[in-house]
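Working notes, structure below.
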Amino acid sequence: MLGSVLPFTEDVADRVSEYCETRSTPITDTLQKHWEYTRGKFSDADKMSSRLQGAWMIFTAKDLLEIGCFSGYSALAWYEGTKETQAEIVTLELSPKMIAASRKAFQEYGVDDRVTLIEGPADETLKTLTGAFDLIFVDANKDGYENYVKIILDQKLLSPNGIILCDNVFARGLTIGADCAPWVNDHIRQYWLSCGQALDGFNTRLIQDPRVEVVVLPVFDGVSQIKWKDS
Ligand SMILES: C[S@@+](CC[C@H](N)C(=O)[O-])C[C@H]1O[C@@H](n2cnc3c(N)ncnc32)[C@H](O)[C@@H]1O
């Protein structure tokens, strides 16, 4: 196959999602419960990672940083995915509503031993962090990605063999072009269009940064994988 993405229609993409979910190791009961809870409780629940993405969050990390916690679903997934390494997980969140929701979930599921939530704007929090993380998941406001990655690299918050994963770099497809996602309804279209513009700037400038190697993966809503060059 010479291209990198199959030409799915909207209907086929749904079927592919279902096919993958039903042929993958299912997420745990805890994750499933929290995913359903978030979906029922928050009108913007589509900000949460998918079930399949939760199942994929299995990496051999020891120190993990997440930017953008939302209801805590992905932090719970990282927690479960790093049982072997007992990773320390730091997650950043700005919204008081989502801070309350995730704190409640972390307590309910007993993950406070390894998950630390830091409240406040991520750019300010990042500047106070020390040490290095071997996995950094960037998943907050899309117009902040460029600055977050810059701070991470400038402050060497990424360990020498570490990896940054930036989620949603396709902005539902609108990063690629305004005509690429006709299924995105008017209610959220403007939001994702502006995310797409910001992310296109981020993706385009990042590849010119001589410090890093980047692979933009056409999985989920687009995931950029960033590593130090020659690591
Ligand atoms: C896409 S959601 C995160 C989803 C979560 N990682 C998951 O997969 O379930 C993005 C979150 O980033 C938060 N956020 C937005 N701007 C932020 C900022 N400047 N600093 C910290 N968090 C921010 C939002 O409140 C929202 O909860």
Side-chain angles (χ1 to χ4, degrees), residues 17 21 27-28 30-59 61 64-82 87 89-106 108-109 111 115-129 133 135-152 157 163-172 174-175 184 188 191-192 194-196 198-199 202 217 219-224:
S17 278
E21 284 196 16
I27 52 175
T28 60
T30 297
L31 278 187
Q32 177 67 28
K33 193 173 157 201
H34 194 57
W35 195 85
E36 291 293 353
Y37 164 80
T38 302
R39 198 172 69 153
K41 171 103 182 160
F42 299 102
S43 58
D44 57 348
D46 73 325
K47 288 182 176 166
M48 172 174 61
S49 294
S50 69
R51 282 183 293 201
L52 194 66
Q53 197 167 2
W56 161 83
M57 289 171 170
I58 310 167
F59 289 80
L64 206 149
L65 171 65
E66 172 178 87
I67 307 176
C69 181
F70 196 53
S71 70
Y73 172 75
S74 49
L76 289 174
W78 294 123
Y79 183 90
E80 295 193 348
T82 58
I89 297 157
V90 174
T91 180
L92 315 186
E93 179 54 55
L94 175 68
S95 150
K97 185 169 81 165
M98 301 323 295
I99 289 167
S102 24
R103 285 212 186 281
K104 186 167 160 282
F106 296 158
E108 182 179 344
Y109 296 116
V111 302
V115 178
T116 304
L117 187 141
I118 305 181
E119 302 178 12
D123 53 348
E124 286 180 22
T125 305
L126 283 174
K127 287 177 190 155
T128 68
L129 295 179
F133 298 87
L135 177 58
I136 302 180
F137 184 54
V138 180
D139 191 21
N141 53 316
K142 310 307 165 197
D143 57 357
Y145 278 29
E146 189 160 4
N147 192 32
Y148 299 150
V149 170
K150 180 179 184 316
I151 299 171
I152 289 164
L157 292 175
I163 178 170
I164 306 174
L165 298 171
C166 296
D167 200 18
N168 306 115
V169 295
F170 287 172
R172 306 301 193 246
L174 295 168
T175 302
V184 173
I188 52 168
Y191 167 75
W192 281 110
S194 67
C195 290
L199 288 163
F202 165 67
L217 294 166
V219 292
F220 305 119
D221 186 22
V223 176
S224 274

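What you see is a predicted model; the values in this text were computed from it and never measured. When a ligand or atom number is given, it counts from 1 through the structure's own listing order.
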Out of Pro96, Ala122, Gly72, whose heavy atom sits nearest atom 20 (N) of ligand 1? Ala122
Under 4.0 Å to a heavy atom of Gly68 - the qualifying atoms of ligand 1, by number: 3 (C), 5 (C), 6 (N), 11 (C), 12 (O)
Applying a strict 4.0 Å limit to heavy atoms, is Gly144 in contact with ligand 1? no
Tell me, which pairs form a side-chain hydrogen bond (donor to acceptor under 3.5 Å, both in side chains) where one or both residues lie in residues 137-149, sequence neighbours left out? Asp139-Lys142, Asn141-Asp143, Asn141-Tyr148, Lys142-Tyr145, Lys142-Asn168, Glu146-Arg205
Report, in ascending order of atom number, the atoms of ligand 1 lying under 4.0 Å from any heavy atom of Gly120. 20 (N), 21 (C)
In the protein, what heavy atom is nearest to atom 10 (C) of ligand 1, and what distance, to one decimal place, separates them? Asp139 O, 3.0 Å
What are the two closest heavy atoms between Thr82 and Ala61, and how far apart are they? CG2-O, 4.2 Å
Find the distance between CD1 (Ile151) and CG (Asp123) and round it off to the nearest 0.5 Å. 5.5 Å
Which heavy atom of the protein is the closest neighbour of atom 22 (N) of ligand 1, given with residue, atom name and distance? Leu94 N, 3.3 Å
Taking NZ, NE, NH1 and NH2 as the nitrogens, is one of them in Glu119 or Arg103 under 4.0 Å from a carboxylate oxygen of the other? yes
All heavy atoms of Ser74 vs all of Met57, minimum pair found to be CB-CE, 3.8 Å
Which ligand 1 atoms are under 4.0 Å away from a heavy-atom of Phe70? 2 (S), 3 (C), 4 (C), 5 (C), 27 (O)
Run the contact test for Cys69 against ligand 1 with a 4.0 Å cut-off on heavy atoms, strictly below, and give the result. yes
Looking at Asp46 and Arg172, does any basic side-chain N land under 4.0 Å from a carboxylate oxygen? yes
Ligand 1 versus Tyr148, non-hydrogen atoms closer than 4.0 Å: side chain, backbone, both, neither? side chain
Identify whether the distance between the nearest side-chain nitrogen and carboxylate oxygen of Glu36 and Lys41 falls below 4.0 Å. no
Ignoring hydrogens, just give me the one of Ser50, Ser49, Ala45, Ser95 whose non-hydrogen atom is nearest atom 9 (O) of ligand 1. Ser49
Tyr109 vs His34 aromatic rings, parallel, tilted or perpendicular, using cut-offs 30° and 60°? perpendicular
Under 4.0 Å from any heavy atom of Pro121, which atoms of ligand 1 are there? 20 (N)
For atom 25 (O) of ligand 1, state which one of Met57, Glu93, Gln53 supplies the nearest heavy atom. Glu93
Any idea which part of Ser71 is under 4.0 Å from ligand 1, heavy-atom wise: side chain, backbone, both or neither? neither
For Ser50, what residues pass the side-chain contact (heavy atoms from CB on, under 4.5 Å) criterion, not counting sequence neighbours? Leu52, Gln53, Phe220
Here the atoms of ligand 1 under 4.0 Å from any heavy atom belonging to Ala140 are 10 (C), 12 (O), 14 (N), 23 (C)
Specify the protein heavy atom at minimum distance from atom 16 (N) of ligand 1: its residue, its atom name, and the distance to 0.1 Å. Asn141 OD1, 3.2 Å
Can you tell me how far apart CZ (Phe42) and OG1 (Thr38) are? Round to the nearest 0.5 Å. 6.0 Å
What protein heavy atom is closest to atom 7 (C) of ligand 1, reported as residue, atom name and distance in Å? Ser74 OG, 3.1 Å
